[in-house]
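Please read the structure below before turning to the comments.
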Amino acid sequence: MTNLEVANMLNQIASVLEIKGESIFKIRAYQEAATRIGNLSEPIEEVWRRGELRNIPGIGESIAAKIEEYLLTGKCSYLEEIARDVPAGLFQMLEVPGIGPKLAWRLYQEVGLTSVEELEQALHEHRLLGLRGFGAKMEKKLLDGIRMYRQMSGRIPLYMALPIVTRIIQYMKRNASFVDIAPAGSLRRGRPDIGDCDILVASDDPIPVIEAFVSMPDVQQVTAKGDTKASVFTGGIQVDLRVVPVESWGAALQYFTGSKAHNIKLRELAIKKGYKLNEYGLFEVATDKKVAGRSEEEIYAALGLPWIPPMMREDRGEIELAMNGELPPLVQMEDIKGDFHTHTTFSDGINTVYEMAEKAKAMGYEWLVISDHATGLGVVDGVTPERLQEYVDAIRDAERKVGIKLFVGLEGNIMADGTYLFDDPRIEVPIASIHTALGQEKEKILDRYRKVFGEVRPLIVGHPTGRLLGRREGLKVTAAEVLQLCNEYGVIPELNASPERLDIDDVGVLMAVTQYRMPIAIGTDAHDTAQMEHLYLGVLQAQRGWARKEDVLNTLSADELTELLAKRRKP
DNA sequence: GCCGTTTTCGGCCCGACTGTTTTCAGTCG
C-alpha cells in the first residue's frame, strides 16, 4: 500500500464528510493527515510497523486506527459506511467550478441529480430555476462551469504553463501601467504540474489593470472580476490575476505563492506570536499596526524565520526546520557542472556527439555524459557490442575537438526477464532503464531491478518509476520501493529532467536525500541539443526535495567524477 | 478529528467574489 493510496483514502473520507456537511474542522483534520502522508519521506508502512503512526503531526487515535485497518485489509469500513448513500457522480460534480459540497448535496437531495450529465440536462430544461437561491445567472454560471470542467481535464505540465504566463505578463507590460508583476502560486514553487496560473501585480490603481487583463485577446471566459482580482480562462487553463498595493507586495507574493498548507502553518505561527498575517501584511493584533509587508524576507524575519525558498513551501516540515535554523542550502543551477543523460545519432537522438558536446560547452558545463540506448530496444536502433568501439572513438574524438570532458555512458535495457543489454568495461557510466514490459506486476518489476542491480551494478537507474506526466501512470512500483533497492545495492537514482517524466519526483528526492542520505544524478534524457536546457526542471524538482549541492552528483567537477567512477570500477 | 511554552476543553487561517435569501452563505484559492 503506497503513501499516495493511503492519502487518497483519507481525502475521500474528507470529500464525503464535506458533502454531508460535517464540521469543517473534522474535514480539515482528514485533509491535513492526507497531505502529511503524501509528503512523507518514507513509506507509511514502515512508520506503522515501528508503531509510530501517532508521531506524524495531524494523526491521532482515530485516523491512525483507520490507516492501520487500511494497511491490513486494503479497505476502510468507516469510509464504506459513510459513502454508502453518496452517489459516486457527486464527486465529479464537485470538480465543476462553482459547485461545492453544499450545492452538490442539495442538487442530489432536492432534485435527485447524481452526475454532471444529469446536471447539464436539468440546466438546459430550466428545472433548477425554482430552487432557493437559484436564478438565471446561476444557471448560466453552472453551464459555463460544466464547459470549463470538460475542457480542463486536469493539470498541465509546468513547461507548458510557463510560456502562457510569460505571454500574459508581456501583454500586461505593454497594455497597463503598474509597479511590478510576477508569477506566483504553484508555478513559482516549481510544481511539475500546474492547475491554474497565478499572476500578481503591484499597483495603487488596480481598476485599469484588471480591465486590461480581462480584455486580453484569447480570453475565452471571464469567471470572476472584482476591484482587485479577476480570473479568466485562456489557453485551456485558468489564470488568476490579483492586484495589491505597492506597500503590500511582499506580503501578497508570500500569500499568493502558497502553498495553502504552508500559509496556514505560517498564519498559525503568526497568531502564536500575537500577529495576524494576510496578503496585505503582518499586523500586530493588539494595535493593528503593520510590522512587515514590503518584502517576503521582512515577513519571515518578523516571524523569527529565515526566508524560505518557494520550492520548499509545501508544509513538509520546512517551517519547523526554519525555526531551528536548519534550512538546507539548496542546490542551485549555477552549481551544475554537467548532464548525466543524453542521446545522439548513435541511437534515437537528432544531434551528433560533437553537437551535443558543443551545446554542453555553450551551457558552461565542465563535462557531459553521452548515454545512447544500447541494443535490445525493438523500436530504437541502439548501440551494439560490435559498434561500441566506434561509439567510444566518436566520443573521444568530440572530446578532443570541443575541449570538454565527455564520459562514455550507455543506457542499457533491463529486459522483461531481468537480463541486461549490455555492460562492458569501456562504459564509464552504465545507466540501467526499463523501457519494455511496463505493465508487469510489482514483484516482477522489482525482481528485474534486483537482478540487474546485483549482477551488473549499474551506476545509475534511469527514470526509476517510468511515469509520463498526464499520459501514463508508470511502472507498478513506487519511488520508495526502487529507492530501497538503490540503497541496498548502491545504485544512484536518476532524476530524469525530461519535462514529461520528472522521475523520480520531488517526494522521491526528499526520501533519497533525507532518509537514505544517497546522492541523485540529474539527466535531461535530451534527444537533441535544445532539450539539454530542461536541466533546470530537474534542479527545481531537486530543490523541492530539499537537495543540497552535495546531494547532487551533477555538481562534481570533471576530476571528481572521474575519481568516483574509477573507484566504482575496482572490484 | 487533532492538539496544548496560556488550554485535556475549546479552539482550529484569512479574505475576495458571487448571487441573491437585503445581511450572508457558499465557493474559491
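Just so it is clear, the model here is predicted, and its values are computed rather than measured. Note on naming: letters A, B, ... go to the chains in the order of the sequence lines (proteins, then strands), and numbering restarts at 1 for each one.
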Starting from P on B:dC2, measure out to CD1 on A:Ile56 and report it in whole angstrom. 12 Å

Let me know the distance between CG of A:Leu53 and C1' of B:dC2, rounded to the nearest Å. 15 Å

Hey, which sits more toward the 5' end of DNA chain B by its nearest nucleotide, A:Tyr275 or A:Ala224? A:Tyr275

When we call it a touch if two heavy atoms are under 4.0 Å apart, what does A:Lys265 touch: a base, just sugar-phosphate, or nothing? nothing

What's the gap between B:dT21 and B:dG26 when it is taken at their C1' atoms, as a whole Å value? 12 Å

Separation between the P atoms of B:dT6 and B:dC2, rounded to whole Å: 23 Å

Phosphate-side-chain proximity, A:Ser62 and B:dG1, N/O vs OP1/OP2 below 4.0 Å: yes

Whole angstrom value for the distance that separates P of B:dC3 from CD of A:Glu320: 13 Å

Taking A:Arg50 first and then A:Glu42, would you say they form a salt bridge - that is, a charged N and a carboxylate O separated by under 4.0 Å? yes

A:Arg49/A:Glu45 salt bridge by N-O under 4.0 Å criterion: yes

With 3.5 Å as the limit, what N/O pairs link the protein to nucleotides 5-10 of chain B?
none

Using whole Å, report how far CG of A:Leu269 lies from C1' of B:dC12. 15 Å

Span that lies between the C1' atom of B:dT18 and that of B:dC12, in whole angstrom: 27 Å

A:Lys140 atom NZ: more than 12 heavy-atom contacts under 6.0 Å: no

With both distances under 3.5 Å as the test, what is the Watson-Crick or G-U wobble partner of B:dC2? B:dG11

Describe the nucleic acid contact of A:Ser231 in one word from base, sugar-phosphate, nothing, applying a heavy-atom distance below 4.0 Å. nothing

Whole-Å C1' distance, B:dT8 and B:dC3: 9 Å

Taking atom C1' in both B:dG11 and B:dA16, compute the distance separating them and give it to the nearest angstrom. 25 Å

Figure out the CG/C1' separation between A:Asn55 and B:dC2, and round it to whole Å. 14 Å

Rounded to the Å, how far apart are A:Phe283 CZ and B:dC14 P? 12 Å

Ion pair check, A:Asp240 and A:Arg242, cut-off under 4.0 Å: no

Counting only non-hydrogen atoms, which of residues 17-33 of chain A are less than 4.0 Å from DNA chain B? A:Phe25, A:Lys26, A:Arg28, A:Ala29, A:Tyr30

Say you pick atom P in B:dT23 and the same atom in B:dG29; how far apart are they, in whole Å? 29 Å

Could you verify whether a donor N or O on one side chain and an acceptor N or O on the other, from A:Glu32 and A:Thr35, lie under 3.5 Å apart? no

Of A:Ala230 and A:Glu61, the one whose closest nucleotide on DNA chain B sits nearer the 5' end is A:Glu61

Look at all strands and tell whether A:Ile264 reaches a base, only sugar-phosphate, or nothing, counting heavy atoms closer than 4.0 Å. base

Which residue pairs pass the salt bridge (Lys or Arg N to Asp or Glu O under 4.0 Å) test when at least one of the two sits in residues 67-76 of chain A, sequence neighbours left out? none

OP1 or OP2 of B:dG15 less than 4.0 angstrom from a side-chain nitrogen or oxygen of A:Lys276, does that happen here? yes

Side-chain H-bond candidate by donor/acceptor type, A:Thr465 with A:Asp503, under 3.5 Å: yes

Lys/Arg N to Asp/Glu carboxylate O, A:Arg127 vs A:Glu118, below 4.0 Å: no

Would you please say whether a donor-acceptor pair under 3.5 Å links the side chains of A:Gln121 and A:Glu117? no

For nucleotides B:dT22 and B:dG15, find the distance between their P atoms and express it as a whole number of Å. 26 Å

Does A:Lys26 come within less than 4.0 Å of A:Glu22, counting only side-chain N to carboxylate O? yes

Nucleotide by nucleotide, 5' to 3', does protein get under 4.0 Å of the base (B), only the sugar-phosphate (S), or neither (-) in nucleotides 19-29 of chain B, counting heavy atoms? -SB----SSSB

To the nearest angstrom, the CG-P distance between A:Asp315 and B:dC12 comes to 18 Å

Got a sec: does the CD of A:Glu326 have more than 12 other heavy atoms crowding it under 6.0 Å? yes

Those residues that, when tested against A:Arg517, pass side-chain contact (heavy atoms from CB on, under 4.5 Å) (two or more places apart): none

Residue pairs, two or more places apart or on separate chains, that pass side chain to side chain donor-acceptor pair (under 3.5 Å) and touch residues 301-317 of chain A: A:Arg36-A:Asp315, A:Asn39-A:Arg316, A:Arg189-A:Glu314, A:Lys265-A:Asp315, A:Glu296-A:Trp307, A:Glu296-A:Arg313, A:Tyr300-A:Arg313, A:Glu314-A:Arg544, A:Arg316-A:Asp506

